[in-house]
Amino acid sequence: MKISSLKEIKNFIVNTFHNNEDIMFRDVQIPSNIAAMLVYMDGITDKELIERHIIFPLNTGEGLNGSFGNDFVDYIVKHCLTATETSIKEKEEDMISAIASGDTVLFFEGSFKFIVIGSKQYSLRSITEPPTQTVLRGPREGFIEDFKTNVALLRRKLKTPEFVVETMNIGRLTSSVVAICYLDNVADKTVLNKIKKRLKEIDIDGILDSSYIARFLEEKKYSIFKQNGYSEKPDVIAARMLEGRIALIVDGSPMVITIPYLLIEDFQTPDDYFDKNIRITFLRLIRLLSVMISVLVPGIYVAAQMYHYELIPLSFLINIVNATKGIPFTPFTEMLFTIILFEILNQASVRMPRYMGMALSVVGALILGETAVKAGLLGSPTVMISALSGITLFIVPDLEPVFSLLRISFIILGGLLGLYAISFGCVGLLAYMEGLDSYGTPILAPFSPYLKSDMKDGIFKKPITEFYTRPASLSVKNKRRMRHGTDDK
Amino acid sequence: MEQTISNAQIYKLFIIISTATKFLTLPSFYMQAAGRDSWFSVIVNVIMDFFLLLCVLAVLKANGNMTFCKLMEKYFGKIVSRILLLLISAYLIFRSIPFIVENYNILAAVLYEVPNWYALVFPIYIVAGYVAYKGARVMGRVAEIMYFFFLASLVILFLLSLSELTLQEVLPVFEFGVVPPLKAAIKGMTAFGDYGLLLIFMGKTDNLTVKKQISGYGVAAAIVIIFNFLFVMIFGIIGVYQPDAIIRLTQYNTVLTNYGRVDWLIAIIWQISQILYLAVLVYGAAEFVRWVFNIKNRLPVMIGVIAIIEILIRYVFYSVEILNKTYGSTMSYYFLFLQYVLPVILGIISFVKLLKDRRMKKCRIKISGEKQPL
C-alpha cells in the first residue's frame, strides 16, 4: 500500500466505496500512543467479535510490553489481538476485498501494512431438509448458502486428511468463493486439472449460483442433457466423492456440483442405500418404466390413433372411438394442447403464492380438465394419458426438464409420421446421448459402454456388502473400496 | 483420432445388421426359386458367410491396428488400392439400395394408408446418416443398448408365430433335387456377406476376439435360419406371395386379431437394424472415399453418399423389376468379387502371414531357449 496516514487511508476507502454509508470507521488509541483505525462493513460483520477480540485488547493494551521489535504490526497480531483469523497484508486489492466480504481491517498510523481479521457474519438460514430431495430414511440435513458451513457438513462425513478443499474467487463484482472438494487418494488429477483450468478461464462480472459455474464447466453447452451432477444433500455428495467424483461448492448456492456425471445417478435416490436391494431394484425398474411412459406413451398414443389403429386392441379401440367422437381436434393437436396446458399449470403452481394453491388446483383439475372433456373439446383418453405422463415425469425430478421437452418431440414425431418416426427418434436420441460425455466419462455408462462390474449399482442393485470396487466408468486413482473378509490386512 | 468400437459392441452390431436384408423379400424370393427347400438356400448362404467370416477374422488378426485402406495400399499399391476402394464404396452404395426400396414397400403397403416416399425414406437417411457421422464408437454403443430390445422383439415374434406352424410344409425335402436351392443361394447372395463389412472397422476395434465374433455369427445365423424355417412352415408354397415377411409372419395369429397387432411394434423395433445397416454402409463408403481423395471433413462426404443413393433409387432403380433384374444378373458378379473373392484373397494372404509369424516366433523361442507355455 502506498499510503500510511490514517486520514489518507480513510479518504481512499471512502472514494473507493463511493461514499457508501455501510462502511464504518472506528478510531482506536493503543496505549504507547499509537493511533489505529478499524474499518468494517455494517451488516455483514460480527460486531461482538470486533468489540471483544479487537477493540478491548487494543484499548487495554494487554500483551503490550513496550518492546515491539522491528515489526510492530506483527507484534500486535501475536501478542495483542485475540481473534482467531488474522493475516497481515499490504496490497490495496486485499484491503478492498476484505472489507467488501465482511472482514475487519486494522490500520496503524505510519504503517503500510494492515491486519485483516476474519469477522464475517451473514444472516443464514438453518440447516434443514432440502425441498428437492426428501427422503423416508437417512440423513435429512441439506446444504445452505454459506460455503464454509457446506464444507463443514462434508468434513463431518469425510474425516480424513485426504479430503482436500481448494478455493478460488470467481466474478469481478461478486468475488464468489468456489470450493473444489475432492479426495486426494481417489480423484483423478487429469479431471481435476481440467476443472481448475476451466474455472480459471471464467471472466464474468458475477457468479450468483452454482448453475453459472455448471454452464461454464459443460463441454457441450447447447446439449439438452446436463453434463454435471447436482445435489443438496451432504451424504449424497460424500458418497459421490467416495466413488471418485469432484465436488464444487459455490458460496451463495445450496446446490453442489459433482463431476463427472452419469445419467444413472439421477435414477438413484439417497433412500436406495438405506433399504433392501430387492426393493430398490423394483423401485429403479419402476423409475425406468415411468420415464419411458412419460416420454413415449403420449407419442405412441397419437401415432396409434392417427396411423396404426390396428395396434390398439378392439375393445380399447371401441371405447377410444366413443370417447373421441365429435372432438374437433386431431389426436395430435389434442395431445399437444393438453401437454402444453399441463406445462402451463405446472409453471403456475411453482410460481404462484401458496394461499392461491387451492384455487389453482380447482381451476386446473375441475374446470380445465373435466369441463373440457364434458364440453367435447378434449377426449378423456387424451387427458388421462397426458396426466399419467405428467405424473411419471416427476418420478425422476432432476431429469424432468429434459423429458418434458423430449415427450413433446415424440408427440410431434408420432403425429407427423407415426411409430416409424418414433422408433427413428429413439435411435437418433440414443445416438445423440452416446456422443455425450462428462470429462471423459460417457454419460450412459455403465449401460453403454457396458461395464459389468458397475451394474451392481445400475438398475439391478446389489447389497452394499458387494461394493468392493469403485465404478469402472469413472477414472479414479484407487479402485478398491472394500476388502474381502480378513484377507489382505 | 476416432474412438474405438469394442469387441462386445461389434458382436451386437453385427447380429443386428445381419437381419436387415433377410426379413423382407428374401424369403419369398427363395420360395420362388427353390420352393419348399428355400431353408436349404439360407443354410448354404450361411455356410458361405462363415468362411467369409474366417477370412475376415484372419485379416483383422494378422494386421493389428492397420486400417482397411492402409492394408489395401500395402497389398495392391497406391493406384490399384484407390481404384479398388472406390469400387468397394460403390458396392456399399449399391448394397444399400434394395433394402431401402423393400423397406419403403413394406411401410407403404402395410403400416401407412397414404405412403409418401420422402416421408418414409428421408427419416432413415437422416437418422442413419447422423449415426454414421457420429462414428464407429456411437454405432457400437447404439447397438449395445438396442440389442436387448431387438433380441427380445425377435423372440416374441418367433413365439407368436409358433401357433401357425405346420411341419408338413417343409416336406418333402429336396423334392426337385439340391440344384434349385443351390442356384437360389447364388442368386440371393447379394443379401448376405454382412460379416465382410467387419473390414470397415479394421483399425478401429478394441481387442477383437475370434471366439466372440464366431459366437456372434452363430447367433445371427441361427436367427436367420429359424426365421426362414418358420416362414416355410407357416406359408409353404404360398410364401411366394408374401414379399414382406417380417410383417406377414404373425398375421394369422388369432391372439393378435383380438388384442391388437402388437407384431407391428416388433417390426418397428426391427427397423433399428435398417438404420444401423445403412449407417454402416454409408460410414464405410464415406470413409473410403475420404481416404482416397484425402478429405478431412466427414459430413459433406456422407451427405454426398446419401445423395447418390437417393439419385440412384429415383432415376436408375426406380422400379422393383429393374432392381431385381440388375441385381440378379450384372450386379451379382460385381458383388461376388467384392463380397467374397476379395476378402478371401486378403484372408489367404493374412492367414499365410499369421502362419509365418507363428513360425518365426517359434524359431526365436528356440534360439533364445525360452520355455514355451503349456
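Here is how names work: the chains are called A, B, and so on, in the same order as the sequence lines, proteins then strands, and each is numbered from 1. The figures here come from the full heavy-atom set of this structure, side chains too, leaving out hydrogens, waters and symmetry mates.
- Scanning all heavy atoms of the two residues, the minimum distance from B:V131 to A:A431 falls at CG2-CB, 3.7 Å.
- Rounding to the nearest 0.5 Å gives a distance of 12.5 Å between CZ of B:F122 and CG of A:L417.
- Here the CD atom belonging to B:E144 is positioned 10.0 Å from the CG atom belonging to A:L444, to the nearest 0.5 angstrom.
- Atom NZ of A:K462 is surrounded by 12 or fewer heavy atoms from other residues, nucleotides or ligands within 6.0 Å.
- Contacts of B:V142 with chain A are made by both backbone and side-chain atoms, with heavy-atom separations under 4.5 Å.
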task = Please step through side chain to side chain contact (heavy atoms under 4.5 Å, CB included) for the pair B:I145 and A:E434, ending with a clear verdict.
result = CA-CA 10 Å; B:I145 290 208; A:E434 296 289 5; 3.7 Å; yes
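- Interface residue A:Y432: backbone and side-chain heavy atoms are both found under 4.5 Å from chain B.
- When heavy atoms are compared at a cutoff of 4.5 Å, B:A8 does not approach chain A at all.
- Residue B:I269: no heavy atom, backbone or side chain, is found under 4.5 Å from chain A.
- Taking a 6.0 Å sphere around NZ of A:K197, one finds it holds 12 or fewer heavy atoms contributed by other residues, nucleotides or ligands.
- Looking at A:I312, only its backbone comes within 4.5 Å of chain B, counting heavy atoms on both sides.
- Interface remark: of the candidates A:V427, A:L311, A:L314, A:L311 forms the most heavy-atom pairs closer than 4.5 Å to chain B.
- Enclosure of atom CG in A:N193 by more than 12 non-hydrogen atoms of other residues, nucleotides or ligands within 6.0 angstrom is indicated.
- Atom CH2 of B:W264 is separated from atom CD of A:E310 by 3.5 Å, given to the nearest 0.5 angstrom.
- Taken from OG in A:S423 to CD1 in B:I272, the straight-line distance is 7.0 Å, to the nearest 0.5 Å.
- Remark: A:F329 CZ is packed, more than 12 non-hydrogen atoms of other residues, nucleotides or ligands lying under 6.0 Å away.
- Atoms OH and CG, from A:Y420 and B:L120 in turn, are 6.0 Å apart once rounded to the nearest 0.5 Å.
- For B:L265, the parts lying near chain A are the backbone and the side chain together; criterion is any non-hydrogen pair under 4.5 Å.
- For chain B, no part of A:I300 is nearby; none of its heavy atoms comes within less than 4.5 Å.
- The minimum heavy-atom distance between B:I268 and A:L419, with the atom names listed, is CG2-O, 3.6 Å.
- The environment of CZ in A:F267 is crowded: more than 12 heavy-atom neighbours from other residues, nucleotides or ligands sit within 6.0 Å.
- By the neighbour-count criterion of 12 heavy atoms within 6.0 Å, atom CZ of A:R279 is sparsely surrounded, having that number or fewer from other residues, nucleotides or ligands.
- Taking A:P442, A:S315, A:A421 one by one and counting their heavy-atom pairs under 4.5 Å with chain B, the maximum is reached by A:P442.
- More than 12 heavy atoms of other residues, nucleotides or ligands lie within 6.0 Å of CG in B:L162, so this atom counts as buried by the packing criterion.
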